[in-house]
Amino acid sequence: MQHKVIDAKDVVIRFAGDSGDGMQLTGSLFADMSAIYGNGLSTFPDYPAEIRAPHGTVSGVSGFQVHIGSGKVNTPGDFCDLLVAMNPAALKANAKWCKRHAMILVDEDAFDEAGMKKAGFTTDNPFTELGVEDRTLIVSPITTLTRESLKDSGMDPKAILKCKNMFTLGMACYIYNRPLEYIYAYLEKKFAKKHPEVIEPNKKVLFDGFNYAANIQVIPNTYTVAPAGHLQKGTYRNITGNQATAWGLLAASEKSGLPLFCGSYPITPATAILEELAIHKSLGAKTLQAEDEIAGICTAIGASYAGNLAVTTTSGPGLSLKSEAMGLAVMAELPLVVVDVQRGGPSTGLPTKTEQSDLNQALYGRNGECPMAVVAAHSPAHCFDAAFQAAKIALEHMTPVLLLSEGFLGNGSEPWRIPAMKDYPEIKPPFVHGVLSEGEKFHPFERDPETLVRRWALPGQKGFEHRVGGLEKNHNGVLSTDPANHALMVAERAEKVARIARDLPALELQNGPASGKLLVVGWGGTYGHILSAVREIGDAVSYVHFDYINPLPANTEAVFSQFDKILVCELNSGQFADYLRAKFPGRDIRKFNKVQGQPFLVSELVAAIQKEM
């Protein structure tokens with residue numbers, strides 16, 4: 001077979017296997033290696049929802065998709081060029097994601113009678129049964145080869161089997177001409193202190209996988225993906241959305257001069273933010289793993305009262321539990337950042353799957369007239385800026401802010417240019433200064449006439465003692481049940497949030513002309529998929545994306561007025577479209593929705609947009 005090395009603009013690789021097969025690590029290493037090489041990339045970890053599904057079953061399959069390119073990569077890709085399936089269940093669950101010309105790499109040793117039966121195959125030829133027999137099939141005895149590679153390593157048989165993923169990674173590195181040096185360095189760093197004995201065996205099995213792929217005759221072509229040439233000069237790293245969120249909050253702590261406090265209860269898929277912040281005690285971050293969601297937010301509110309940049313993190317069910325305390329923060333007018341990494345719902349729902357279905361809860365999910373600012377991140381790297389801006393709004397406007405992320409963003413990753421902190425604005429909380437003159441009293445809810453923001457007095461400041469709590473008060477801080485005062489305070493709290501729009505950037509077109517028949521609208525983590533879809537259709541399609549949900553950018557009405565109809569694409573049943581319809585009655589606002597626990601496919605967005613054109 002004549003071998004060709006093909007220059008590819010981009011490729012998509014999907015690693016799939018049982019939860020214990022190390023597919024998340026394999027995909028992460030391939031992604032990190034590609035980021036260091038200089039490729040554009042986007043990743044999509046796809047975890048099973050079951051904590052411990054039966055071994056070898058479709059419900060227990062864990063996947064990790066990596067899309068690398070020689071230019072900007074906006075999505076993890078719809079379909080894959082290479083599927084790595086470590087067992088029959090992984091093949092059955094993921095064969096539908098293979099392109100027509102895809103390669104499929106499987107571990108032949110796992111395709112025995114028992115494995116085929118567990119996966120639900122009814123014939124002895126899974127490729128024909130799934131209709132993928134025309135793909136390039138690489139059927140290799142990976143388990144046997146791993147055992148042979150490490151037979152003299154001194155490792156026990158169970159430990160040897162855990163190295164199958166490294167053998168497979170070596171094969172993938174050969175197919176896509178990836179250098180192994182990064183993975184060698186990773187192994188040395190990870191195991192040098194506690195398990196140095198596993199470094200050389202893992203290096204060996206990785207190299208043996210690479211060498212095996214180079215010497216078999218079933219791989220027709222290998223591919224090179226050149227480094228991205230579009231990137232702005234700077235230092236880059238691969239970063240997940242949850243990690244970027246944590247770092248954005250740390251940056252806000254630095255620019256405000258306030259210590260950061262995060263009180264949270266672990267919940268999928270938001271736990272990694274708490275874990276990341278806990279690492280950075282040296283930057284003044286304090287973290288508390290509370291006994292429940294309510295305790296998490298209440299400790300954060302207490303920390304805010306004491307003068308901290310206060311944060312609490314959660315996902316959908318936890319946000320429901322925090323609703324009363326969010327109302328307390330609104331009433332007390334204390335700065336607080338509530339991070340909601342959305343997942344499929346309602347209730348426990350789909351804990352490891354992505355969705356945008358918490359929007360209504362973010363906007364309205366509290367008792368009484370209880371407006372909160374809502375910000376949404378649109379990519380893993382953008383989570384840094386979104387978290388920074390959410391903290392800035394909270395601190396400067398004395399209000400709780402809800403930052404909406406998504407499982408797709410939190411667990412996904414992309415290259416991120418490490419910023420210089422001098423390029424970020426100072427954050428200036430409205431602290432009281434000086435001392436009161438004799439006879440002067442502090443009125444804690446008196447407001448700045450321009451912003452309606454109250455001043456922030458910390459405990460221990462002489463003369464500035466005041467009450468906070470959930471009961472209504474007047475401008476003097478005195479408890480009040482007066483009807484007129486209540487109406488005034490409700491109106492002022494709402495107007496204070498509305499005036500945040502004055503500080504927000506204008507809504508800008510991401511694609512297409514400034515007027516026309518159709519405007520495509522997105523928010524949150526749909527950004528990359530919608531942008532790819534409209535660019536595939538061409539410059540005739542206009543597209544705007546909302547990072548600020550409440551309040552909306554001040555020029556939203558002006559932008560909408562230039563188009564005959566508006567198509568809102570979102571991963572729920574139409575919550576943002578309904579919100580926009582209420583804000584702009586009379587506009588022809590249409591919906592394209594997906595509620596499957598999965599991101600959009602670019603192809604289905606293209607079809608939906610073309611249908612409206």
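- Put simply, the side chain of Val401 reaches to within 4.5 Å of the side chain of Thr399, judged on heavy atoms.
- Judged by distance alone, with hydrogens and angles left aside, the side-chain atoms of Asp78 form a donor-acceptor pair with the main-chain N or O of Ser603 at under 3.5 Å.
- The main-chain N or O of Leu187 is never found under 3.5 Å from a side-chain atom of Asn202 such that the two would form a donor-acceptor pair.
- Screening Thr43, Thr240, Asn242 for a side-chain hydrogen bond (donor to acceptor under 3.5 Å, both in side chains) with Ser413, the sole residue that qualifies is Thr43.
- Surrounding NZ of Lys286 are more than 12 heavy atoms belonging to other residues, nucleotides or ligands, all under 6.0 Å away.
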Audit row: Thr168, Thr26, side chain to side chain contact (heavy atoms under 4.5 Å, CB included) steps and yes/no: CA-CA 8 Å; Thr168 307; Thr26 306; 5.6 Å; no
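- Note that CE of Met33 and CG of Asn39 are 9.5 Å apart. Values are rounded to the nearest 0.5 Å.
- In this structure, the side chain of Gln356 engages the main chain of Leu571 through a donor-acceptor pair within 3.5 Å.
- The main-chain N or O of Lys233 is found under 3.5 Å from a side-chain atom of Arg417 such that the two form a donor-acceptor pair.
- Ring geometry for His378 versus His545: interplanar angle over 60°, hence perpendicular rather than tilted (30 to 60°).
- In this structure, the side chains of Leu402 and Ile549 stay at 4.5 Å or more apart for every pair of heavy atoms.
- Ring pair Tyr424/Phe384: centre-to-centre distance below 6.0 Å.
- No more than 12 heavy atoms of other residues, nucleotides or ligands shown are found within 6.0 angstrom of NZ on Lys162.
- Ile393 has its side chain out of reach of Asp503: every pair of non-hydrogen atoms, C-beta onward, lies at least 4.5 Å apart.
- Residues Phe15 and Cys80 fail the side-chain proximity criterion, which asks for heavy atoms closer than 4.5 Å.
- Screening Trp523, Phe576, Tyr579, Tyr527 for a ring pair (Phe, Tyr, Trp, His ring centres under 6.0 Å) with Phe546, the sole residue that qualifies is Phe576.
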Verdict with reasoning, Cys569 to His529, per side chain to side chain contact (heavy atoms under 4.5 Å, CB included): CA-CA 10 Å; Cys569 306; His529 295 84; over 6 Å; no
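- Under the 3.5 Å distance criterion, the side-chain polar atoms of Gln342 are matched with a main-chain donor or acceptor of Asp358.
- Contact check for Val61 versus Pro48: no side-chain heavy atoms found under the 4.5 Å cut-off.
- No side-chain heavy atom of Pro429 sits under 4.5 Å from any side-chain heavy atom of Pro335.
- To the nearest 0.5 Å, the span separating CZ on Phe64 from CE on Met23 amounts to 11.5 Å.
- Of all the heavy atoms in Thr245 and Ala387, the pair that sits closest is O-CB, 3.4 Å.
- Aromatic ring centres of Phe592 and Phe600: separated by under 6.0 Å.
- Side-chain contact check for Thr354 versus Pro599: some heavy-atom pair is nearer than 4.5 Å.
- The environment of Glu197 atom CD is dense: over 12 non-hydrogen atoms of other residues, nucleotides or ligands sit within 6.0 angstrom.
- At distances below 3.5 Å, not a single donor-acceptor pair connects side-chain atoms of Asn74 with backbone N or O atoms of Ser532.
- Contact record, Arg343 with Pro317: NH2-CG, 3.5 Å, taken as the closest heavy-atom pair.
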Residues Lys322, Thr312; criterion side-chain hydrogen bond (donor to acceptor under 3.5 Å, both in side chains); working and verdict: CA-CA 9 Å; Lys322 294 181 188 293; Thr312 187; 2.8 Å; yes
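- Counting all heavy atoms, side chain and backbone alike, Gly56 lies closest to Ala89 at O-CB, 3.3 Å.
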Can you give each donor-acceptor pair under 3.5 Å made by side-chain atoms of residues 259-281, sequence neighbours left out, with the distance rounded to 0.1 Å?
| from | atom 1 | to | atom 2 | distance (Å) |
| --- | --- | --- | --- | --- |
| Ser264 | OG | Thr313 | N | 2.8 |
| Ser264 | OG | Thr313 | OG1 | 2.7 |
| Thr271 | OG1 | Ile267 | N | 2.8 |
| Thr271 | OG1 | Ile267 | O | 3.0 |
| Glu276 | OE2 | Trp247 | NE1 | 2.8 |
| Glu276 | OE2 | His280 | NE2 | 2.9 |
| Lys281 | NZ | Ala278 | O | 3.3 |

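- A pairwise comparison of heavy atoms in Ala228 and Gly40 identifies CB-N, 3.9 Å as the closest pair.
- A heavy-atom distance below 4.5 Å is found between the side chains of Glu396 and Lys428.
- Across all their heavy atoms, Phe408 and Pro76 have their closest contact at CE1-CG, 3.5 Å.
- Taking Glu291 as the reference, nothing meets the salt bridge (Lys or Arg N to Asp or Glu O under 4.0 Å) condition, with sequence neighbours excluded.
- Between the NZ atom in Lys72 and the CG atom in Leu41 there is a gap of 9.0 Å [rounded to 0.5 Å].
- Atom CZ in Arg178 sits 11.5 Å away from atom CD1 in Ile36 (nearest 0.5 Å).
- Taking Arg14 as the reference, Asp46 meet the salt bridge (Lys or Arg N to Asp or Glu O under 4.0 Å) condition, with sequence neighbours excluded.
- Counting only distance, with no hydrogens or angles, the side chain of Lys255 and the backbone of Met421 share a donor-acceptor pair below 3.5 Å.
- Within the 3.5 Å criterion, the main-chain N or O of Ala295 finds a donor-acceptor partner in the side chain of Thr299.
- Shortest non-hydrogen contact noted between Pro45 and Gln24 is CB-OE1, 3.3 Å.
- The distance from atom CD of Glu406 to atom CG of Asp340, rounded to the nearest 0.5 Å, is 9.5 Å.
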Stepwise side chain to side chain contact (heavy atoms under 4.5 Å, CB included) check, Leu601 with Trp97: CA-CA 11 Å; Leu601 301 180; Trp97 301 116; 4.0 Å; yes
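- The backbone N or O of Gly77 sits less than 3.5 Å from a side-chain atom of Thr75, completing a donor-acceptor pair.
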Residues Asn360, Asn572; criterion side chain to side chain contact (heavy atoms under 4.5 Å, CB included); working and verdict: CA-CA 10 Å; Asn360 280 343; Asn572 56 46; over 6 Å; no
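- Remark: side-chain polar atoms of Ser253 are paired, donor with acceptor, to backbone N or O of Leu258 under 3.5 angstrom.
- Taken to the nearest 0.5 Å, the CG atom of Leu552 stands 9.0 Å off from the CG atom of Leu504.
- Side-chain atoms of Asp32 and Asn238 include a donor-acceptor pair closer than 3.5 Å.
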